[in-house]
Amino acid sequence: MALVLPDGAVREVQGATTAAEVAGAIGPRLLRDALAARVGDRVVDLSRRVGDVAPAPAEGGRCPFAILTVRDPQGLEVYRHTTTHILAQAVRRLWPGTRLAIGPVIEDGFYYDMDVRDAAGNAVRLSAEDLPRIEAVMADVIREDLPVSREVMARADARALFEKDGEDFKVEIVDGLPAGAEVTLYRQGEFYDLCRGPHLPSTGRVRAFRLLSVAGAYWRGDERRPMLQRVYGTAFAGQEELERYLWVQEEAKRRDHRRLGPELGLFQLRDEAPGFPFWLPRGYTLWRILENWSRQLQEPLGYTEVRTPIILRSELWERSGHWGHYRDNMFTMEREGERFAVKPMNCPAHCLLFGSETRSYRDLPVRFAEYGQLARYERSGTLHGLLRVRSLHQDDAHIYCAPEQIGAEMAGIFGLFDRIYGTLGMTYEIRLATRPEDFIGDPEVWRKAEEDLAAAVGAAGRDFALAPGEGAFYGPKLEFHVTDALGRKWQCATAQLDFNFPERFDLSYVGSDGQRHRPVMIHRAIFGSLERFIGVLIEHFGGAFPAWLAPVQALVLPIADRHGPYADRVAAALREAGLRAAVDGGGEKIGRRIVAGRLQKVPYMLIAGDREAEAGTVAVRCRSRGDLGPRPLEQVVEALRAEAASRAPAPEGAAPRTPAQSGTDGG
RNA sequence: GCUGGCGUAGCUCAGUUGGCAGAGCGCCUGCCUUGUAAGCAGGGGGUCGACGGUUCGAGUCCGUCCGCCAGCUCCA
């Protein structure tokens, strides 16, 4: 058969040749680095014979083939997967009564869920202090360089084996495998595990790993089933990559918006109102800047802003379907024998507004924007700073349009997304979330909506991943997952196509043919919720906002008391130009007040002493570049005004400087 | 919501076998009148998350509740 290598070269081999032999034939160095192989689109062990794993039509035909190393994402996955087995093996060596559940690879690492028990069968509670011990045993396993072998078993034999071992979870997994599935076992030394594979050729290939944490996790995610212990870990190609990853984790902790927010005077989270943030003047300044920016971008595009009631009668929610499909997430109340609910979404109210007058095709699209407050009940355990709250304000809009206008509207929405995320220096990935189990409407209509959304993404020249079953109950969603400066992903923006609400609210417009037609509805939010978005921005910028976003853009520091009046004049001149300025005239020495300003991450400090007051200048100190020396006041005001107006990124950029970066490849 | 951990001054945290509630930073006052990463001195500040119990005596032990953190689950 003919293998087509990634560089396009074709290699003729016998079907009985193993992937490892192919690697060896290509080069000894490749064989040394080889972790697994990709044959067709299957990732397989190096020990597999290519003829056994090639896709069926490959008989005599051409089959794509690649040797995977730790540099390939799929190779790294195999590498981490074997590391999970090494983890399980180590835990077993320490606590022989341990029963294993599942140990998958996840983004950036892996975990293994286990019921840890000692030889006598007593449950063992792991803590962070146990991790180094486990790591030491894992290092032993790696040092022993145990060959990893794959065995195909009859389902009944596998079941019997795990039953004999008391591995109840594995038995349950075997029983749940689909009828025709091949049951495979992977062995390394004394350890074996039910596993689909593939795996590294031997345990000695793992170079750098670290166990990160231990936490409880329910078997199969079901709180009625046993709580297992989940050990999280990660593995990288080498020590340097591992260190870099750990550094990013540390940096993420330093940037935690729950710490920075109160520290920078942005918001408070208080016991008095769990999930409902309190916004302080500086945080609310940031909020208003974002909200007004959003308005400013949307008004020219024909959006009209509305405001609808926060509490509405249950009949509305019954009509929209929320009562049946979203009630668990709503705050409800009863008065005079009637049920009410705080709105968790604006769409039903907007539908009432759309339907309140006769609409002509000439009026379409109608675009209602709203920044009003929503409330969603979230279970107490899910609350998390600003990223998961019960009070949220979306930069929401509902577009009512004719079916043939969907493409153009979606293009307009993509334009807004690019404008906003581009300005903030964030990229995004798109996921198409399709029909959930609990849905309203006609499956055929759903299918059409999903197709339309996919087409819209294609028309924008973008790619998407599928998120099956994760759509809203009324329609499929495009989710925009933005990547922040630390490479973490957050779901913020969303665009949803909805044929159901127009139906339920019997919405119509009069077409050019004089007939009534059903409009299509697009739900969309760009920031998502202001709360979450500000939380993400705080972590993205580490609190060091670019000048246009900074709640205080310039802090004026008089050297001595006698410079107070001049400092006030400087601040007044800045405010006159629409800039946000504050004066720190406290009795501390200048060095002390500079430290305070730095801790508040103010972009510019303007120092005013005798020389400056005399010459009408200020000594400019920039957050990233330090002391820039004296500049004429008018020049400083103008430069700062221009910087803010352009929404320029912070001079130092949002990307963190890492120990691994020498400054040449800063992202 | 579930499992585990935690809750002491505005913040970060000490507080021994149950025996007079502490430190650093911040805050206030005074001195200094300040020149680019923390000047000196003094002072105020606590229902030890809430409620109940055990005890001569509870920050400390027990119970219930509330909140926070991690994970599960869920999602903007």
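Side-chain atoms are counted along with the backbone in the values below, which use heavy atoms only and exclude waters and symmetry mates. All figures in this text were calculated on a predicted structure; none of them were measured in a lab.
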Colleague: Looking just at side-chain N and O atoms, do Tyr218(A) and Arg220(A) make a donor-acceptor pair shorter than 3.5 Å?
Modeller: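 Absent: no donor and acceptor within the cut-off.
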Colleague: Separation of Asp561(A) atom CG from U34(B) atom C1', in whole Å?
Modeller: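 Distance check: Asp561(A) CG to U34(B) C1' gives 9 Å.
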Colleague: Given Tyr474(A), which of Phe501(A), Trp446(A), Phe439(A) fulfils the ring pair (Phe, Tyr, Trp, His ring centres under 6.0 Å) condition?
Modeller: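 Only match with Tyr474(A) under ring pair (Phe, Tyr, Trp, His ring centres under 6.0 Å): Phe501(A).
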Colleague: Which value, in whole Å, describes the distance between the C1' atoms of nucleotides U60(B) and G7(B)?
Modeller: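 The answer is 14 Å between these two C1' atoms.
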Colleague: Side chain of Glu223(A), heavy atoms from C-beta onward: which of U34(B), C75(B), G1(B) has the nearest atom to it?
Modeller: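 Nearest to the side-chain atoms of Glu223(A), counting from C-beta on, is G1(B).
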Colleague: Looking only at the side chain of Val389(A) (C-beta and beyond, no hydrogens), which of the listed nucleotides G1(B), A76(B), U33(B) gets closest?
Modeller: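 So the side chain of Val389(A) is nearest to A76(B).
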Colleague: Once you apply the 3.5 Å cut-off to both distances, tell me the Watson-Crick or G-U wobble partner of C56(B), or none.
Modeller: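 Because both required distances fall under 3.5 Å, C56(B) counts as paired with G19(B).
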Colleague: Mind calculating the distance between NZ (Lys589(A)) and P (U34(B)) to the nearest angstrom?
Modeller: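 Spelled out: NZ on Lys589(A) to P on U34(B) is 9 Å.
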Colleague: Is it true that Arg225(A) and Glu172(A) have a side-chain N and a carboxylate O under 4.0 angstrom from each other?
Modeller: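 A salt bridge links Arg225(A) with Glu172(A).
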Colleague: Nearest to the side chain of Arg258(A), which nucleotide is it out of A76(B), C68(B), A70(B)?
Modeller: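 When the side chain of Arg258(A) is considered, A70(B) is the closest of A76(B), C68(B), A70(B).
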Colleague: Out of G35(B), A70(B), G1(B), which has the shortest distance to the side chain of Ala215(A)?
Modeller: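 Taking heavy atoms from C-beta onward, the closest nucleotide is A70(B).
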Colleague: Which part of the nucleic acid, if any, lies within reach of Gly381(A) when heavy atoms closer than 4.0 Å are counted: base, sugar-phosphate only, or nothing?
Modeller: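 Base contact - Gly381(A) has a heavy atom under 4.0 Å of at least one base atom.
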Colleague: Looking at every strand, decide which applies to Glu588(A) at a 4.0 Å heavy-atom threshold: base, sugar-phosphate, or nothing.
Modeller: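 Touches a base.
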Colleague: Just checking His350(A) against Tyr400(A), ring centres under 6.0 Å apart?
Modeller: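 No.
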Colleague: Tell me which nucleotide among A37(B), A76(B), G1(B) gets nearest to the side chain of Arg598(A).
Modeller: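 The listed nucleotide nearest to Arg598(A)'s side chain is A37(B).
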Colleague: Using a strict cut-off of less than 4.0 Å between a Lys/Arg side-chain nitrogen and an Asp/Glu carboxylate oxygen, indicate whether Glu291(A) and Arg288(A) qualify as a salt bridge.
Modeller: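 Answer for the salt bridge query: no.
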Colleague: What is the nucleic acid contact for Glu470(A), judged by heavy atoms within less than 4.0 Å: base, sugar-phosphate only, or nothing?
Modeller: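 Nothing: the residue Glu470(A), judged by heavy atoms under 4.0 Å, touches no strand.
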Colleague: For a quick check of understanding: with a heavy-atom distance under 4.0 Å over all strands, which category does Gly609(A) fall into, base, sugar-phosphate or nothing?
Modeller: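 Base contact.
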Colleague: Counting side-chain heavy atoms from CB outward, which of A76(B), U3(B), U36(B) is closest to Met227(A)?
Modeller: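 Looking only at side-chain atoms, Met227(A) lies closest to U3(B).
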Colleague: Is there a donor in the side chain of Thr483(A) and an acceptor in the side chain of Glu429(A), or the other way round, less than 3.5 Å apart?
Modeller: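 Their side chains do not contain a donor-acceptor pair, so the 3.5 Å distance test is not met.
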Colleague: Give one of base, sugar-phosphate or nothing for Asp222(A), where a contact means two heavy atoms less than 4.0 Å apart.
Modeller: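 No contact at all - Asp222(A) keeps every heavy atom at 4.0 Å or more from the nucleic acid.
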Colleague: What's the CG-C1' distance between Leu383(A) and U73(B), to the nearest Å?
Modeller: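 It works out to 13 Å between those atoms.
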Colleague: Could you state the atom-to-atom distance from CD1 of Ile607(A) to P of G35(B) in whole Å?
Modeller: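 For the pair Ile607(A) CD1 and G35(B) P, the rounded distance is 11 Å.
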Colleague: Determine the interatomic distance between P on U17(B) and the same-named atom on U12(B); round to the nearest Å.
Modeller: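 It works out to 26 Å between them.
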Colleague: Given U3(B), U34(B), G67(B), which nucleotide is nearest the side-chain atoms of Tyr218(A)?
Modeller: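 The answer is U3(B).
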Colleague: When we call it a touch if two heavy atoms are under 4.0 Å apart, what does Arg230(A) touch: a base, just sugar-phosphate, or nothing?
Modeller: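 The answer is sugar-phosphate, as Arg230(A) gets under 4.0 Å only of primed atoms, P, OP1 or OP2.
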Colleague: For the side chain of Arg125(A), counting heavy atoms from C-beta on, which of G5(B), A76(B), C72(B) is nearest?
Modeller: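 Ranking G5(B), A76(B), C72(B) by closest atom to the Arg125(A) side chain puts G5(B) first.
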Colleague: Applying a 4.0 Å non-hydrogen cut-off, can you work out what Tyr232(A) is touching in the nucleic acid: base, sugar-phosphate, or nothing?
Modeller: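 Since only primed, P, OP1 and OP2 atoms lie under 4.0 Å of Tyr232(A), the category is sugar-phosphate.
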Colleague: May I have the distance from Leu211(A) (atom CG) to A70(B) (atom P), rounded to whole angstrom?
Modeller: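 Answer to the nearest Å: 20 Å.
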Colleague: Between A38(B), U34(B), G1(B), which one does the side chain of Arg592(A) approach most closely?
Modeller: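 Between A38(B), U34(B), G1(B), the one nearest the side chain of Arg592(A) would be A38(B).
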